[in-house]
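The basis for the numbers below is simple: all heavy atoms, side chains too, and nothing from hydrogens, waters or symmetry mates.
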Protein chains: 2
Amino acid sequence: MGKALIIDDEPQMRRLLRMVLESRGYEVCEADEGLRGLQEAAFHRPDVVLLDLGLPGMGGIETLARLREWSDVPVLVLSVRDQETVKVQALETGADDYVTKPFGSAELLARLEVIQRRRGPRHTPEITAGALKLDLLRHEADLDGEPLRLTPTEFSILSILTEHAGRIVTQNQIVKHVWPVQQSDPAEGLRVHISHLRRKLGDRGVRVVNEPGIGYRLEIRQASAP
Amino acid sequence: MGKALIIDDEPQMRRLLRMVLESRGYEVCEADEGLRGLQEAAFHRPDVVLLDLGLPGMGGIETLARLREWSDVPVLVLSVRDQETVKVQALETGADDYVTKPFGSAELLARLEVIQRRRGPRHTPEITAGALKLDLLRHEADLDGEPLRLTPTEFSILSILTEHAGRIVTQNQIVKHVWPVQQSDPAEGLRVHISHLRRKLGDRGVRVVNEPGIGYRLEIRQASAP
DNA sequence: CCCTGGCGTTAAGAATGTGTGAAGAACGAG
DNA sequence: CTCGTTCTTCACACATTCTTAACGCCAGGG
């Protein structure tokens with residue numbers, strides 16, 4: 001079915017949700033706090049997130065906002081609050097649905113499927129640009145049919161560049177995508193990885209171009225016409 | 001904003017929905033019955049559909065199913081019924097959301113935007129003036145379809161000019177926009193950037209005009225009669 | 001007429017951003 | 001523990017962009 005991430009501080013609510021989700025075939029991971037939720041999301045790359053609004057520490061809305069900085073995973077917000085202003089705020093911050101507790105398990109599962117069904121073109125497990133092919137699930141990259149040996153960081157950078165192939169991607173976007181949480185001076189190290197990436201890409205139809213002061217762009221050279 | 005199609009048999013509910021939608025800038029069309037709703041959808045190609053489940057004749061669920069045979073348009077289902085089985089059925093048939101009457105207008109509008117933002121190519125904030133197109137997120141500028149190579153400062157200046165295209169922008173406004181913090185004699189350097197900008201823009205439909213003693217104005221020439 | 005203030009252009013140094021190599025730290029596997 | 005891989009940090013060369021300054025142009029007023 002896919003991976004689901006539960007972010008909720010109440011243990012019994014997590015247990016209930018886990019039961020419902022696993023009965024439907026989901027693989028489930030949990031977090032009891034916002035920041036940990038972000039880390040789990042970055043590490044496990046879930047297919048869908050269930051987020052409780054009443055979180056201690058970093059609140060649910062802020063967690064959602066920080067998640068949305070680098071991820072567009074479908075998020076279903078759970079809450080005991082039925083106030084319209086809260087709902088609107090959550091939906092505008094990037095939530096895909098808002099369900100009020102208590103809820104029916106069948107409706108919850110149905111809504112989970114809806115928000116996954118509507119995912120953008122990015123849900124494709126692989127993306128292509130010119131002679132470059134990336135398998136996002138397996139973390140494998142092919143150029144001209146030959147496999148590329150990339151480190152996880154390099155793959156992450158190349159994936160966001162490829163997703164927006166031909167267009168500029170801001171340094172900020174790249175950094176947020178690769179290092180979702182914390183960082184001292186990330187652009188510093190980014191240059192090194194870009195350098196390594198260029199060496200591995202060589203000169204075979206695609207190359208990483210710098211747009212000074214802004215970011216990078218993956219340029220694809222058409223080798224021939226079909 | 002976009003076109004919305006209302007399919008509901010109660011005239012006063014249609015009137016209420018129309019008011020809410022038009023206040024948000026939607027263009028609205030209506031149908032009082034399922035089959036007519038399908039015809040309207042085929043003809044007007046709405047960006048979003050509001051479907052009442054309690055329809056006479058062909059029911060709401062059946063209307064939804066027939067619509068889904070050929071259309072992918074986002075559908076928000078409205079209903080007085082709060083039964084879980086009905087909700088699940090609607091969602092599994094292809095609805096993107098299910099709202100129970102009575103509903104809050106702000107929540108309805110928020111949910112409408114959610115089910116629309118998940119489609120199609122990523123929407124990035126961009127502004128346009130004549131043949132000029134600026135992508136504010138990526139810092140990309142297109143003129144006549146050809147990309148412009150602008151430095152960050154040039155892009156910043158051009159963006160505030162384009163935002164107020166055709167109207168005068170004070171030197172002060174430009175300076176505050178480009179250099180948000182202090183400056184000795186900013187207008188001094190501004191002239192240099194304006195000069196560079198003009199050279200890059202060339203003579204292709206837009207140009208930067210000086211209003212002596214006041215500021216600058218982006219003039220767009222309609223490429224009508226060559 | 002000449003002077004003055006605002007503007008446009010060009011050129012050069014200063015400031016900032018970027019590419020690359022290498023060394024050490026962190027991490028996981030055996 | 002040791003090894004190999006990957007990540008981070010640093011140093012320095014190089015590139016781009018920004019700022020400053022100088023000079024010519026034009027219009028309006030004395």
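- Take the nearest nucleotide of DNA chain C for B:Arg199 and for B:Gln171: the residue whose nucleotide is more 5' is B:Gln171.
- Between B:Leu109 and A:Val88, every side-chain heavy-atom pair lies at or beyond the 4.5 Å cut-off.
- Of the residues in residues 156-165 of chain B, none lies under 4.0 Å from DNA chain D by heavy-atom distance.
- Using cut-offs of 30° and 60° on the angle between ring planes, the pair B:Phe155 and B:His139 is parallel.
- Between B:Ser195 and the phosphate of C:dG8, there is no side-chain N or O to OP1/OP2 separation shorter than 4.0 Å.
- A:Arg207 has its CZ atom 15 Å from the C1' atom of C:dG19, to the nearest Å.
- Each salt bridge (charged side-chain N to carboxylate O under 4.0 Å, His left out) pair with one or both residues in residues 156-170 of chain B, not counting sequence neighbours, would appear here, but there are none.
- In this structure, CG in B:Asn172 is found 10.5 Å from CG in B:Leu190, a value given to the nearest 0.5 Å.
- Closest to the side chain of B:Asn210, from the set C:dG8, C:dT9, D:dT8, is C:dG8.
- Proximity note for A:Arg149 (side chain, C-beta onward) versus D:dT5, D:dT8, D:dT17: the nearest is D:dT5.
- Rounded to an integer number of Å, the gap from CG of A:Leu197 to P of C:dT18 is 16 Å.
- Of the candidate nucleotides D:dT16, D:dC18, D:dT6, D:dT6 has the atom nearest to the side chain of A:Pro152.
- Under the 4.5 Å side-chain criterion, counting only non-hydrogen atoms from C-beta, A:Leu50 is not in contact with A:Val99.
- Between B:Thr151 and D:dT16 there is no side-chain polar atom (N or O) within less than 4.0 angstrom of OP1 or OP2.
- Proximity of B:His196 to the phosphate of C:dT10: no side-chain N or O atom is located under 4.0 Å from OP1 or OP2.
- Put simply, CD on B:Glu188 is 14 Å from P on D:dC23, counting in whole angstrom units.
- Within the nucleic acid shown, B:Tyr216 comes within 4.0 Å of sugar-phosphate atoms alone, with no base atom in reach, counting heavy atoms only.
- Considering only the side chain of B:Val192, D:dA21 comes nearest among D:dA21, D:dT6, D:dC18.
- Across all strands shown, A:Gly213 has heavy atoms under 4.0 Å from sugar-phosphate atoms exclusively, and none from any base.
- Atom P of nucleotide D:dT16 and atom NE2 of B:His139 are separated by 20 Å, given to the nearest angstrom.
- Rounded to a whole Å, the CD1 atom of A:Ile194 is 15 Å from the P atom of C:dG21.
- Separating the CG atom in A:Asp8 from the CE atom in A:Met13 is a distance of 6.0 Å, to the nearest 0.5 Å.
- Rounded to an integer number of Å, the gap from CG of A:Asn172 to P of C:dG17 is 13 Å.
- With contacts defined as side-chain heavy-atom distances shorter than 4.5 Å, the pair B:Leu132/B:Leu148 qualifies.
- The nucleotide whose nearest atom lies closest to any side-chain atom of B:Arg198 is, among D:dC7, D:dT17, C:dT9, C:dT9.
- For B:Trp179, a side-chain nitrogen or oxygen approaches OP1 or OP2 of D:dT19 to under 4.0 Å.
- Across D:dT16, C:dC7, D:dC7, the shortest atom-to-atom separation from the side chain of B:Arg191 is found for C:dC7.
- Atom-to-atom, NE2 of B:His193 to C1' of C:dT9 comes out at 14 Å; the value is rounded to the nearest Å.
- The distance between atom CD of A:Glu154 and atom C1' of C:dT20, rounded to the nearest whole Å, is 14 Å.
- In this structure, B:Asn210 contributes its side chain and B:Gly215 its backbone to a donor-acceptor pair below 3.5 Å.
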